[in-house]
2 protein chains.
Amino acid sequence: MRNKTTSFDIAYQAGVSQSTVSRALSGNPLVSKETRARIQAIAKELNYKVDKNASNLRTQTSNTIALLLFEDVTVDDSNINPFFLSMLGSITKACAEAKYDLLVSFQQMNDDWYAEYEDCHKADGLILLGYGDYLTYAQKLAHLIDQKTHFVLWGAGDKSLDAITIRCDNKQGGFAITQHLIEQGRRHIAFIGEASDATPELLERYQGYCQALKDNGLTPNKKLHVDAKITELSGYEATKELLARNEKVDAIFTACDLMAIGAMRAIKDKQLVVGKDIAVVGYDDISVAQFTNPPLTTVRQDTNIAGQLLVKNLIDLIKGNDVSNSIIEPRLMIRQSCGKA
Amino acid sequence: MRNKTTSFDIAYQAGVSQSTVSRALSGNPLVSKETRARIQAIAKELNYKVDKNASNLRTQTSNTIALLLFEDVTVDDSNINPFFLSMLGSITKACAEAKYDLLVSFQQMNDDWYAEYEDCHKADGLILLGYGDYLTYAQKLAHLIDQKTHFVLWGAGDKSLDAITIRCDNKQGGFAITQHLIEQGRRHIAFIGEASDATPELLERYQGYCQALKDNGLTPNKKLHVDAKITELSGYEATKELLARNEKVDAIFTACDLMAIGAMRAIKDKQLVVGKDIAVVGYDDISVAQFTNPPLTTVRQDTNIAGQLLVKNLIDLIKGNDVSNSIIEPRLMIRQSCGKA
DNA sequence: CTGAAAGCGCTTACAG
DNA sequence: CTGAAAGCGCTTACAG
């Protein structure tokens with residue numbers, strides 16, 4: 001539609017060659033000061049911007065990072081986990097600071113996802129957030145590695161996988177919050193959430209939980225463990241099932257905050273008091289956690305730091321710098337849902 | 001690094017010309033069935049993807065939408081308003097469904113923002129979310145229009161501006177929630193939030209508030225109006241100031257939920273009971289609202305619908321279809337903070 | 001310090 | 001139905 005301004009137009013007006021315009025605008029030091037100034041002035045006046053498709057095609061880069069967000073397909077059509085949304089915000093900021101564009105995409109677990117981006121030359125690298133079944137996921141990752149795609153991973157990640165991971169020390173987090181419950185005098189602590197190889201992050205939290213129990217002379221009780229998906233509703237249903245088992249329960253560690261909110265609702269439905277009859281603790285520290293009733297004791301995974309690290313490490317990877325995995329310290333956020341005043 | 005597969009490689013293997021490969025893969029109906037099938041098989045085997053930089057350069061399109069998110073620069077470095085985050089989630093989904101890529105960007109209010117995207121041929125159109133001072137913003141918009149940039153706007157937008165806007169009926173929302181407070185027996189209803197031409201959305205909510213008061217024989221009282229920024233902290237401070245004025249206050253309508261959370265905190269600090277001594281209502285229905293203590297009565301702006309409309313209208317605009325403004329119905333979410341049990 | 005020219009990988013008239 | 005060729009708008013060796 002509109003007549004596009006190109007570097008040739010600028011060159012014509014400035015009375016120089018198009019090559020010189022390109023050099024002047026890209027900051028090539030060979031160009032003389034006056035020439036550069038003149039060209040910049042004209043470019044500004046004509047509202048000229050370098051065509052990224054052309055320059056990217058030429059240089060075979062994109063200055064773009066793609067964020068691939070996987071939500072478990074079993075999850076309903078509702079909202080994205082606020083934890084990821086918060087991460088998304090932090091990643092957006094970090095990309096802006098690093099002068100990279102951010103392409104955001106939701107993915108289902110189809111066969112093609114790993115190829116969609118870098119191979120399209122739309123992104124120089126990938127940030128991967130979330131996954132359905134980790135076992136399936138790991139295979140896709142292996143494929144990405146085969147293709148020498150640049151990517152970094154949040155959360156999961158395994159020793160056998162040669163991929164850069166930024167993760168929370170989930171075992172430590174699970175240990176610390178369970179230890180805290182025990183110190184509050186709780187002895188019959190349930191765990192809600194899937195703890196299997198398909199969900200390594202939750203599994204690690206579970207392992208931390210078991211460790212804390214054992215260190216305190218307590219034995220993990222299978223009957224106090226109920227699987228659940230990463231949703232409020234699933235946490236609610238799992239807790240209902242738990243409470244129907246007629247086992248003694250005085251605390252529940254839910255593997256994430258979303259489930260914890262559901263757990264609290266299930267407890268209230270039973271006319272029990274959260275924090276008194278049953279302590280509830282979660283994981284993530286989503287923004288809602290401080291406003292639940294009672295406010296939720298949980299483990300914070302700092303999304304600001306995580307986002308910055310994901311972006312920084314990915315850019316280092318793209319640039320060929322040395323990069324290593326990063327571990328984020330979990331941080332206990334003691335509020336009232338665990339019985340502490 | 002890796003040897004990139006191009007359409008010439010496919011052509012060579014298939015024993016056809018590169019043109020035919022391009023046609024086959026782009027769905028051009030001229031290509032014969034067998035040829036197409038053969039080419040597709042080879043492309044899949046070689047994991048070939050069309051280079052978007054090249055095809056976009058050639059066709060002068062991008063199949064990409066850019067989301068520009070403006071946060072008021074006066075806002076601290078904290079988190080993005082969850083309302084926008086939720087919108088971002090919904091827009092991401094809608095773009096994925098429409099097969100558009102989404103480029104996300106945070107913007108400060110610098111001179112160049114309007115030119116950054118479409119002119120770079122990285123995006124076919126823009127979605128604009130948030131703004132600092134609307135008056136400054138409107139000038140930039142005028143410039144965008146001059147440049148015939150395709151864009152849609154959330155929230156604000158004025159009759160004089162020839163831009164497609166998707167917005168909530170803020171006046172109606174402000175009216176309805178104020179009316180509700182009055183029906184609950186509240187008579188001394190304060191308004192917290194800036195209500196000026198610089199913040200048209202909030203101004204409309206304020207106008208709805210005034211209208212409801214007048215319709216019920218009440219007079220808006222200047223002393224019950226305190227300006228505030230769109231943050232929890234600012235809502236907290238504005239409410240402290242309000243309560244220090246020693247005017248009778250039995251309800252507060254804060255112009256957004258973030259402020260409402262701050263307002264509730266300020267009320268509690270004064271040893272007053274939210275929902276009893278002072279009713280509090282907000283606007284937006286961010287996900288936190290249902291978990292505050294007490295749960296916050298507010299006006300929902302449906303971000304799912306909003307995101308879908310923004311994307312749909314923008315795509316129509318890009319395609320040259322007729323597009324008109326959309327108005328989203330505000331929806332009262334009655335919870336306990338307004339005194340209703 | 002500057003210019004002429006090649007080429008990044010596609011799409012699409014044009015010719016057959 | 002298919003191929004040869006031009007060209008999208010840049011960047012960057014190469015030559016001066």
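Convention: sequence-line order gives letters A, B, ...; per-chain numbering from 1. Keep in mind that this is a model prediction, so the values were computed, not measured.
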**Q** CG of A:N53 versus C1' of C:dC8: gap in Å, rounded?
**A**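 Taking atom C1' of C:dC8 as the reference, CG of A:N53 is at 12 Å.
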
**Q** Distance-only, no hydrogens or angles: does the A:S90 side chain make a donor-acceptor pair with backbone N or O of A:T303 under 3.5 Å?
**A**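 Answer holds: yes.
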
**Q** Taking CG from A:L25 and P from D:dC10, how many angstroms apart are they, rounded to a whole number?
**A**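 Atom-to-atom, A:L25 to D:dC10, this comes out as 9 Å.
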
**Q** Rounded to the Å, how far apart are B:L30 CG and D:dG3 C1'?
**A**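 It is 13 Å, rounded to the nearest whole Å.
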
**Q** For the residue pair B:L67 and A:V104, establish whether any side-chain heavy-atom pair is separated by less than 4.5 Å.
**A**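 Sidechains of A:V104 and B:L67: no contact.
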
**Q** Consider the side chain of B:R23, meaning its heavy atoms from C-beta on, and name the nucleotide among D:dG9, D:dA4, C:dT11 that approaches it most closely.
**A**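 Comparing D:dG9, D:dA4, C:dT11 against the side chain of B:R23, the answer is D:dA4.
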
**Q** Between the side chain of A:R36 and the main-chain N/O of A:N28, is any donor-acceptor distance below 3.5 Å?
**A**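 Confirmed, A:R36 side chain pairs with A:N28 backbone.
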
**Q** Checking all strands, does A:S22 fall into the base, sugar-phosphate, or nothing category for heavy-atom contacts under 4.0 angstrom?
**A**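 Result for A:S22 = base.
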
**Q** Report which part of the nucleic acid B:S7 touches: base, sugar-phosphate, or nothing (heavy-atom distance under 4.0 Å, all strands).
**A**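 Contact class for B:S7: sugar-phosphate only.
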
**Q** Taking the C1' atom in each of D:dT12 and D:dG16, what is the distance between them to the nearest angstrom?
**A**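 Result for the C1' pair: 16 Å, nearest Å.
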
**Q** What does C:dC14 pair with, Watson-Crick or G-U, if both distances are under 3.5 Å?
**A**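 C:dC14 is paired with D:dG3.
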
**Q** Look at A:S17 and C:dG3 and indicate whether a side-chain polar atom (N or O) is within less than 4.0 Å of OP1 or OP2.
**A**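 Yes, because at least one side-chain N or O of A:S17 sits under 4.0 Å from OP1 or OP2 of C:dG3.
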
**Q** Measure the distance from CG on B:N28 to P on C:dC14 and round it to the nearest whole Å.
**A**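 About 16 Å, once rounded to whole Å.
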
**Q** Quick one: label A:T35 by what it contacts on the DNA or RNA (base, sugar-phosphate, nothing), any heavy atom closer than 4.0 Å.
**A**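 It contacts sugar-phosphate atoms only.
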
**Q** For A:R58 and B:Q18, find the nucleotide of DNA chain D closest to each by heavy atoms; which residue's nucleotide sits nearer the 5' end?
**A**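 Result of the comparison: B:Q18.
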
**Q** Take the protein atom CG of B:D51 and the nucleotide atom P of C:dG7, then report the distance between them rounded to whole Å.
**A**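 So the two atoms are 18 Å apart, to the nearest Å.
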
**Q** In sequence, state the C-alpha distance, the side-chain angles, and the governing distance for A:L126 and A:H150, and then conclude on side chain to side chain contact (heavy atoms under 4.5 Å, CB included).
**A** CA-CA 6 Å; A:L126 269 39; A:H150 299 122; over 6 Å; no

**Q** For A:S32, which contact category applies under a 4.0 Å heavy-atom criterion: base, sugar-phosphate, or nothing?
**A**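 Result for A:S32 = sugar-phosphate.
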
**Q** Grab the CG-C1' distance between B:L57 and D:dT11 for me, whole Å please.
**A**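 After rounding, the reported distance stands at 13 Å.
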
**Q** To the nearest 0.5 angstrom, please state how far the CG atom of B:L314 sits from the CD1 atom of B:I164.
**A**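 Answer for the CG-CD1 pair, B:L314 versus B:I164, is 10.0 Å.
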
**Q** Using whole Å, report how far NZ of B:K52 lies from C1' of D:dG9.
**A**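 About 19 Å, once rounded to whole Å.
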
**Q** Would you mind reading off the distance between A:F8 atom CZ and D:dC8 atom P, rounded to a whole angstrom?
**A**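 After rounding, the reported distance stands at 9 Å.
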
**Q** Let me spell it out: for each of B:A54 and B:T20, pick the nucleotide of DNA chain D with the closest heavy atom. Which residue's pick is nearer the 5' end?
**A**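 Mapping each residue to its closest nucleotide by heavy atoms, the 5'-most match is B:T20.
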
